[in-house]
2 protein chains.
Amino acid sequence: MNVRTLCLSILHEGDATGYEIRRLCVDGECSYFIEASFGSIYPALARLESEGLVSSRTEQQDGKPTKKVYSITPAGRDAFVQELSEPLGEETFRSPFLLFARFAHLLPRDLVEARANEFLRERSERNKIVTAAKATSMNACDAWVINYGRAMMGVAEEYLRAHMHELIALARAEPNKDAAE
Amino acid sequence: MNVRTLCLSILHEGDATGYEIRRLCVDGECSYFIEASFGSIYPALARLESEGLVSSRTEQQDGKPTKKVYSITPAGRDAFVQELSEPLGEETFRSPFLLFARFAHLLPRDLVEARANEFLRERSERNKIVTAAKATSMNACDAWVINYGRAMMGVAEEYLRAHMHELIALARAEPNKDAAE
DNA sequence: CCGGCATATATCGATCCGACATACCCGGCC
DNA sequence: GGCCGGGTATGTCGGATCGATATATGCCGG
């Protein structure tokens with residue numbers, strides 16, 4: 001699932017700028033299973049335009065920089081459906097925190113506690129965004145996907161809240177201040 | 001969380017070859033939150049060796065190609081703990097299937113049904129691996145992490161099993177065979 | 001006996017991320 | 001008034017990473 005397809009999927013639902021696509025990835029309701037950075041979105045949009053799958057127009061705004069609004073073309077819609085029909089890539093889930101947690105016994109308790117709290121807070125905030133998305137003004141497929149995410153991320157938060165103190169208890173009791181530089 | 005750190009984390013638990021590290025990422029109990037390909041593991045190991053954080057020895061085997069077994073050095077252990085103490089990266093979760101599912105209404109029912117079944121089967125097999133991992137011969141931190149994964153992936157499987165028929169029902173009824181080339 | 005599969009190492013092009021550069025306006029603050 | 005931080009917006013660039021491929025060997029089944 002490359003950034004090209006991601007851009008087409010968003011433009012399929014309506015016009016957007018590169019900046020807005022990025023925001024949807026970070027803050028949107030689908031932020032829990034989609035991701036892309038500026039460094040890949042802008043080149044992807046430029047390439048899509050050169051291939052005739054999207055078109056763009058510049059819009060002046062006062063008080064804000066000029067923006068470049070992209071629209072999907074009929075050829076783009078076809079290419080998108082075609083792409084979805086091809087075999088799907090693997091699901092990837094990568095969690096630096098879980099790698100950290102596996103080695104909690106090597107690390108000072110203060111650090112483990114701090115990281116666990118950060119992690120819970122971030123998870124909790126993300127979940128609030130997804131839970132806040134109201135089912136009205138959302139098609140049935142979107143609702144299905146959002147509920148999938150809600151279910152998964154909900155138990156993640158619950159597990160953390162219920163068991164994080166166990167993890168903290170497993171951490172090294174003495175920070176061993178001599179080792180600190 | 002780069003591949004370097006991932007390699008150090010595995011070598012911290014015991015010696016391994018590049019090939020074995022890859023296998024642990026794909027089939028191991030932590031396969032649900034860790035990933036790396038040959039294309040990044042081998043260069044990472046070479047660089048770690050040049051920096052003195054790991055050492056290697058070649059081992060002849062009969063019936064199998066010669067292998068290069070890596071061990072972590074004391075400097076490597078220090079660097080690993082140091083790396084874990086630094087701020088953690090963001091969690092990333094990317095799911096081509098969920099992107100596909102958002103647009104189920106555009107796609108023929110047969111295809112949606114086939115992909116949903118594939119996805120459930122893969123999820124289910126992964127879960128069996130993680131559930132099969134016995135708590136004995138596992139330290140408490142590992143158990144904590146495995147249980148986190150079990151909880152998340154468990155509900156993912158349940159949700160799929162319970163609701164996939166709803167998604168299939170949302171797909172396009174007629175495959176529209178004229179459109180197929 | 002030949003093709004497919006598992007073991008094992010390694011490279012290479014394409015993709016993608018993360019940090020930075022640039023630019024403008026707004027609001028707060030000393 | 002000046003200055004800094006933050007939001008909006010586009011884009012580049014180096015490095016990290018992926019996915020496919022190359023190479024080699026030996027085993028097993030048809």
Side-chain angles (χ1 to χ4, degrees), chain A residues 1-8 10 15-27 31 33-51 54 56-70 83 86-94 96 99, chain B residues 1-8 10 15-27 31 33-51 54 56-70 83 86-94 96 99:
Chain A
M1 199 82 330
N2 48 12
V3 178
R4 283 174 91 254
T5 313
L6 168 61
C7 290
L8 287 178
I10 287 170
D15 295 356
T17 67
Y19 190 77
E20 283 163 354
I21 291 175
R22 163 71 180 176
R23 283 239 317 223
L24 283 171
C25 294
V26 175
D27 302 321
S31 64
F33 73 93
I34 267 182
E35 250 164 329
S37 65
F38 289 131
S40 45
I41 289 171
Y42 284 116
L45 286 171
R47 206 181 123 194
L48 285 169
E49 190 170 20
S50 78
E51 291 170 2
V54 306
S56 73
R57 62 180 188 280
T58 51
E59 270 184 20
Q60 249 86 17
Q61 318 178 97
D62 34 44
K64 286 177 190 176
T66 303
K67 65 183 182 179
K68 208 162 156 186
V69 182
Y70 288 91
E83 204 114 23
E86 247 124 87
L88 300 172
E90 293 266 306
E91 206 165 47
T92 66
F93 175 42
R94 225 168 307 185
L99 180 57
Chain B
M1 199 82 329
N2 49 11
V3 178
R4 283 174 91 253
T5 314
L6 168 61
C7 290
L8 287 178
I10 288 170
D15 294 358
T17 67
Y19 190 76
E20 284 164 354
I21 290 174
R22 163 71 180 176
R23 282 238 319 222
L24 284 171
C25 294
V26 175
D27 302 321
S31 64
F33 73 92
I34 266 182
E35 251 164 331
S37 65
F38 288 131
S40 46
I41 290 172
Y42 284 116
L45 286 171
R47 205 182 124 195
L48 285 169
E49 190 170 19
S50 79
E51 290 171 0
V54 306
S56 74
R57 62 180 187 279
T58 52
E59 270 184 20
Q60 249 87 17
Q61 319 177 95
D62 34 46
K64 286 177 191 175
T66 303
K67 64 183 183 179
K68 208 161 155 187
V69 182
Y70 289 91
E83 204 114 23
E86 247 124 89
L88 299 173
E90 292 267 306
E91 206 165 48
T92 67
F93 175 43
R94 225 168 309 183
L99 181 56

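Every heavy atom of this structure was used, including side-chain atoms; hydrogens, water molecules and symmetry mates were not. To find a chain, count down the sequence lines: A is the first, B the second, and so on, and within it residues start at 1.
Atom pair B/E49:CD and C/dT9:C1' shows a separation of 13 Å (rounding to whole Å applied). Taking atom OH of A/Y19 as the reference point, atom C1' of C/dT22 lies 15 Å away to the nearest angstrom. Rounding to whole angstrom units, NZ of residue A/K68 and P of C/dT22 are separated by 19 Å. If you take CD of A/E20 and P of D/dT10, they are 8 Å apart, rounded to a whole angstrom. When rounded to the nearest whole Å, the span between CZ of A/R22 and P of D/dG7 equals 14 Å. Regarding B/Q61, its CD atom lies at a distance of 13 Å from the P atom of D/dC27, rounded to whole Å. Rounded to a whole Å, the CZ atom of B/R23 is 12 Å from the P atom of C/dT9. Atom CZ in B/R94 sits about 11 Å away from atom C1' in D/dT17, given to the nearest Å.
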- [ ] Take B/C7 and B/L48, measure what side chain to side chain contact (heavy atoms under 4.5 Å, CB included) needs, and give me the verdict at the end.
- [x] CA-CA 9 Å; B/C7 290; B/L48 285 169; 4.0 Å; yes
- [ ] Start with the C-alpha distance between B/M1 and B/L6, add both sets of side-chain angles, then the distance that settles side chain to side chain contact (heavy atoms under 4.5 Å, CB included), and finish with yes or no.
- [x] CA-CA 7 Å; B/M1 199 82 329; B/L6 168 61; 6.0 Å; no
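The OG1 atom of B/T5 sits 11.5 Å away from the CD1 atom of B/I10 when rounded to the nearest 0.5 Å.
Among the atoms of the strands shown, only primed sugar atoms or phosphate atoms (P, OP1, OP2) are found under 4.0 Å from some heavy atom of A/G18. Within 4.0 Å of A/A36, counting heavy atoms only, lie sugar-phosphate atoms of the nucleic acid but no base atom.
Each of A/R4 and A/K64 was matched to the nucleotide of DNA chain C holding its nearest heavy atom; the match closer to the 5' end belongs to A/R4. Map B/F38 and A/P65 each onto its nearest nucleotide of DNA chain D; the residue landing nearer the 5' end is A/P65. Residue whose closest nucleotide on DNA chain C sits further toward the 5' end, between A/E35 and B/P43: B/P43.
The side chain of B/S40 places an N or O atom within less than 4.0 Å of a non-bridging phosphate oxygen (OP1 or OP2) of D/dC18. The phosphate of D/dT10 has OP1 or OP2 within less than 4.0 Å of a side-chain N or O from A/T17.
Using bins of under 30°, 30° to 60° and over 60° for the plane-to-plane angle, the ring pair A/F93/B/F93 lands in the perpendicular bin.
Taking 4.0 Å as the cut-off between side-chain N and carboxylate O, B/E35 and B/R94 do not count as a salt-bridged pair.
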